[in-house]
Structure formats: structure tokens, C-alpha cells
Amino acid sequence: MLRRTLNGALLAGLGWLAASGGAVAQERAKPAFVFTGIPDQDESRLVERFGKVARYLEGKLGVPVTYIPVKNYPAAVTAFTNGQVQLAWFGGFTGVQARKASPGAQAIAQGAEDAAFKTYLIANTKTGLAKSADFPKAVAGKTFTFGSRASTSGRLMPEYFIRAAFPGKTPEEAFSRVGFSGDHTRTIQLVQSGAFEVGAVDYSVWDLDDKAGKVDHTAVGIIWESPPFPDYQWTVRGDVDAIYGAGFTERLQAALVGITDPAILAPFARSKFIPVTNAAYEPIERVAKSTGLLD
């Protein structure tokens, strides 16, 4: 009798170990959760910013989390739509592009400041252009640089405001020369150096660079602040629940909205993240279509 009892207990124990081992193996079989972000600033700042997010999310989600950098804005959209990454920190326009190409993708969180974002027009002080409340039409004929071609605050919205200020004219017709710097930090550097007389820049990157002592106010200044528009957001693919389990999207959203650590938020120049949906970016989609940047 004792032997049968011991054998039964042993078999039960082995069964539990097999079951738990199978569960552990299944958990380990889940791939790492990978994310990226548009390269809107210099690379060292991006690595600092997203490295902290990766460590935070790994602790909250219980799966390995990896950040991978990309070379440009279109590469971020491609990585997302191809499934190389499951989550991305997009600008308003790149988020619209990514969700359009990836059915089921959702915008789940934005910075509190992203609901009413702004573009700054900045000018080299040698132009003599002063700050004004109205769009400074004296920029006509100057050399002008956007940021990335797919930037919301560095290209899409500035182009929209430029076309409104100069009806019937494209930026190439309104300015003597038009360039694309690639990112907001570079835009500030180009205008500050005089390589371009005027530029359009994300106001939050201007503020970060200013606090970091990278802005020489004797060489460059703000000449106009745009009306507000929706911008950056975290967008997640629609298949993550199937990969990581039911409710994963909700857990991810809760983790992002739950960030309170200033060390994580400060590199974003955000006070906090708040929930958001795809509908918030319909104005960006309409502007993109009106300017011919989106089909």
C-alpha cells in the first residue's frame, strides 16, 4: 500500500513537473517583443531614450523586450509593416502610413503634449526676421530646410501652413532653395550655421537641444509658432495578442500610460503618456491627402 502511495505521489509529481516544464518551455518559446522609433534626433539620445523604455517594458510585460534603431523614417514604417517590430514610436504622419499598410494596427498611447503639438519656424539671425504671431511671409525667397520628408512637425504640417500662406505655390516655388535635413537636431544645426536661412522644427526637440546648450541664440531664433495638431504616438501591430497572449495589447497600453519615472519621460520631453486611438489622427490623414503626400 505504501509503495503504491509513493509511486502515485511520484507519478503525480513527475506529471506536475512535466506540465510546468511545458509551460516554461512554451513561455520561453515566445519571441522577444521588438520595437523601434523614428530617428528624429541624434542617435545617442535615441539609444538613451529607448533603452530605458525597453528595460521598463521588459519588467512590466514579462517577455524579453528589444529596441532596434532604424536609419530613417521610412525604414521605421517598413520594419513595422513587415513585422520586424511589433511596436513603434511614430510621428503623426508615419503612424498614419504604418496603420494604413498594416490592418489592425492601433495607436494606443501618446504624450500628453502630443494632442496639441507645434512646429517652430526658426531663422538664422542674419536674416533679420523677427518673431511674429502671424505666419511670417517675409520668409519667401529665403533658403528653407524641412526635417525628414516623412516628418509631421518637420515637413507635413509646415508644408500645409506654407501652402496656406502662399496660395497656389509649392514650397519649392515659395523659397529660393528647399532641403531636407533628415532630423530635427540637424535642422537646428543647419539654420544655426547659416547653411539654410529658415527651417521647420519639432518644438520639443528645440526645447531639448536648448536645455542641452546646443542652441546659440545669437545665431538662430524662433520666428513663428504653428497652430496645434496631433503628432507622436505609440502604435502596436494587430497580431500581438495572437503571439503573446490574450490581453497583451491592453497590458502594453497600461504599461506605457503607467510610466511615471522622470528619467524615462524626460528624453521624450513629455510629462506623461495618455491613451489614444486611431481616430485622433484623422486630421493628419486629411492634411497628408490634401498636400499630395498620401494617396
Side-chain angles (χ1 to χ4, degrees), residues 32-58 60-61 64-102 105-114 117 147-156 181-187 201-209 212 230-237 240 249 252-253 255-257 259 261 263-274 276 278 280-281 284:
F33 184 72
V34 185
F35 75 97
T36 193
I38 54 171
D40 57 349
Q41 304 177 50
D42 65 77
E43 188 175 349
S44 62
R45 185 176 288 166
L46 295 176
V47 170
E48 175 195 4
R49 172 203 277 181
F50 292 122
K52 291 175 180 177
V53 173
R55 291 188 291 274
Y56 168 83
L57 288 179
E58 190 163 288
K60 291 291 183 180
L61 300 175
V65 177
T66 303
Y67 160 68
I68 60 169
V70 290
K71 291 185 177 181
N72 52 48
Y73 285 45
V77 174
T78 298
F80 185 87
T81 56
N82 287 350
Q84 294 169 272
V85 301
Q86 289 78 51
L87 174 74
W89 175 245
F90 283 129
F93 182 39
T94 45
V96 166
Q97 290 176 310
R99 292 189 296 275
K100 186 177 176 66
S102 182
Q106 301 177 53
I108 56 173
Q110 65 177 184
E113 294 77 8
D114 291 305
F117 212 73
S148 166
R149 292 177 185 273
S151 172
T152 308
S153 56
R155 197 284 176 83
L156 176 69
S181 70
D183 67 66
H184 299 290
T185 298
R186 182 67 176 152
T187 295
V201 67
D202 170 332
Y203 89 100
S204 69
V205 178
W206 171 275
D207 290 347
L208 283 170
D209 279 11
D231 204 343
Y232 292 81
Q233 88 292 156
W234 291 103
T235 287
V236 67
R237 284 180 56 87
V240 295
T249 298
L252 174 61
Q253 182 182 48
L256 291 168
V257 172
I259 295 174
D261 186 352
I264 298 177
L265 294 169
F268 285 89
R270 303 298 191 273
S271 58
K272 62 180 178 179
F273 292 111
I274 59 175
V276 75
N278 294 356
Y281 294 91
I284 295 298

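Just the heavy atoms: all of them, side chains too, but no hydrogens, waters or symmetry mates, feed the values below.
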- Query: What's the verdict on ring pair (Phe, Tyr, Trp, His ring centres under 6.0 Å) for Tyr56 and Phe50, showing C-alpha distance, side-chain angles and the deciding distance?
  - Reply: CA-CA 10 Å; Tyr56 168 83; Phe50 292 122; over 10 Å; no

- Task: To the nearest 0.5 Å, tell me how far Ser102 OG sits from Asn82 CG.
- Result: 9.5 Å

- Query: Between the side chain of Gln233 and the main-chain N/O of Gln110, is any donor-acceptor distance below 3.5 Å?
  - Reply: no

- Message: Nearest 0.5 angstrom please: Thr66 OG1 to Glu58 CD, how far?
- Response: 7.0 Å

- Task: Could you check whether the rings of Tyr67 and Phe35 sit parallel, tilted or perpendicular, using 30° and 60° as the cut-offs?
- Result: tilted

- Any donor and acceptor pair, going by atom type alone, linking the side chain of His184 with main-chain N or O of Asp202 inside 3.5 Å? yes

- For residues Lys52 and Asp261, determine if any side-chain heavy atom of one lies less than 4.5 Å from a side-chain heavy atom of the other. no

- Determine the minimum heavy-atom distance between Ala101 and Thr81, stating which atoms define it. CB-CG2, 3.5 Å

- Message: Can you list everything that forms a side-chain hydrogen bond (donor to acceptor under 3.5 Å, both in side chains) with Ser271? Sequence neighbours excluded, please.
- Response: Glu113

- Query: Between Arg149 (side chain) and Arg155 (backbone), is there a donor-acceptor pair under 3.5 Å?
  - Reply: no

- Task: Could you tell me whether a side-chain N or O of Asp114 sits under 3.5 Å from a main-chain N or O of Asp231, the two making a donor and an acceptor?
- Result: no

- Could you walk me through whether Val53 and Trp89 pass the side chain to side chain contact (heavy atoms under 4.5 Å, CB included) check? CA-CA 11 Å; Val53 173; Trp89 175 245; over 6 Å; no

- Task: Might you point out which heavy atoms bring Phe93 and Ala150 nearest each other, and give the distance in Å?
- Result: CD2-O, 3.4 Å

- Item | Contact summary for Ile264 and Pro267, nearest pair of heavy atoms | O-CD, 3.2 Å

- Query: Which residues satisfy the ring-ring contact (aromatic ring centres under 6.0 Å, His included) test with Tyr73, sequence neighbours excluded?
  - Reply: none

- Counting N and O atoms only, with roles assigned by atom type, does the side chain of Gln253 sit under 3.5 Å from a partner on the main chain of Ile108, one being a donor and the other an acceptor? yes

- Query: Is any side-chain heavy atom of Val276 closer than 4.5 Å to a side-chain heavy atom of Trp234?
  - Reply: no

- Residue pair Ala255 / Leu57: nearest heavy atoms and the distance that separates them: CB-CD2, 3.9 Å

- Report the distance from atom CD of Gln86 to atom CG of Leu252, rounding to the nearest 0.5 Å. 10.5 Å

- Message: Using every non-hydrogen atom in the two residues, find where Ala75 and Val70 come nearest and quote the distance to one decimal.
- Response: CB-CB, 3.9 Å

- Would you indicate whether the side-chain heavy atoms of Thr94 and Phe80 approach each other to under 4.5 Å? no

- May I ask you to establish whether Arg99 and Tyr281 are in a cation-pi arrangement, using a distance under 6.0 Å from NZ or CZ to the six-membered ring centre and at most 45° from the ring axis? yes

- Interatomic distance, OG1@Thr185 vs CG@Leu46, rounded to 0.5 Å, equals 8.0 Å

- Query: Mind checking what makes ring-ring contact (aromatic ring centres under 6.0 Å, His included) contact with Phe117, not counting sequence neighbours?
  - Reply: Tyr203, Tyr232

- Message: Taking the side chain as everything from C-beta on, heavy atoms only, tell me whether Ile284 gets closer than 4.5 Å to Pro230.
- Response: yes

- Which heavy atom of Thr187 sits nearest a heavy atom of Gly147, and at what distance? OG1-CA, 3.7 Å

- Query: Taking the side chain from Gln106 and the backbone from Val236, do they hold a donor-acceptor pair closer than 3.5 Å?
  - Reply: no

- Task: Step by step, work out the side chain to side chain contact (heavy atoms under 4.5 Å, CB included) result for Gln41 and Asp183.
- Result: CA-CA 6 Å; Gln41 304 177 50; Asp183 67 66; 5.7 Å; no

- Message: Under a 3.5 Å distance rule, please check whether Thr36 uses its side chain to pair with a backbone N or O of Ile68 as donor and acceptor.
- Response: yes

- Query: Does atom CD of Gln84 have more than 12 heavy-atom neighbours, drawn from other residues, nucleotides or ligands, at distances under 6.0 Å?
  - Reply: yes

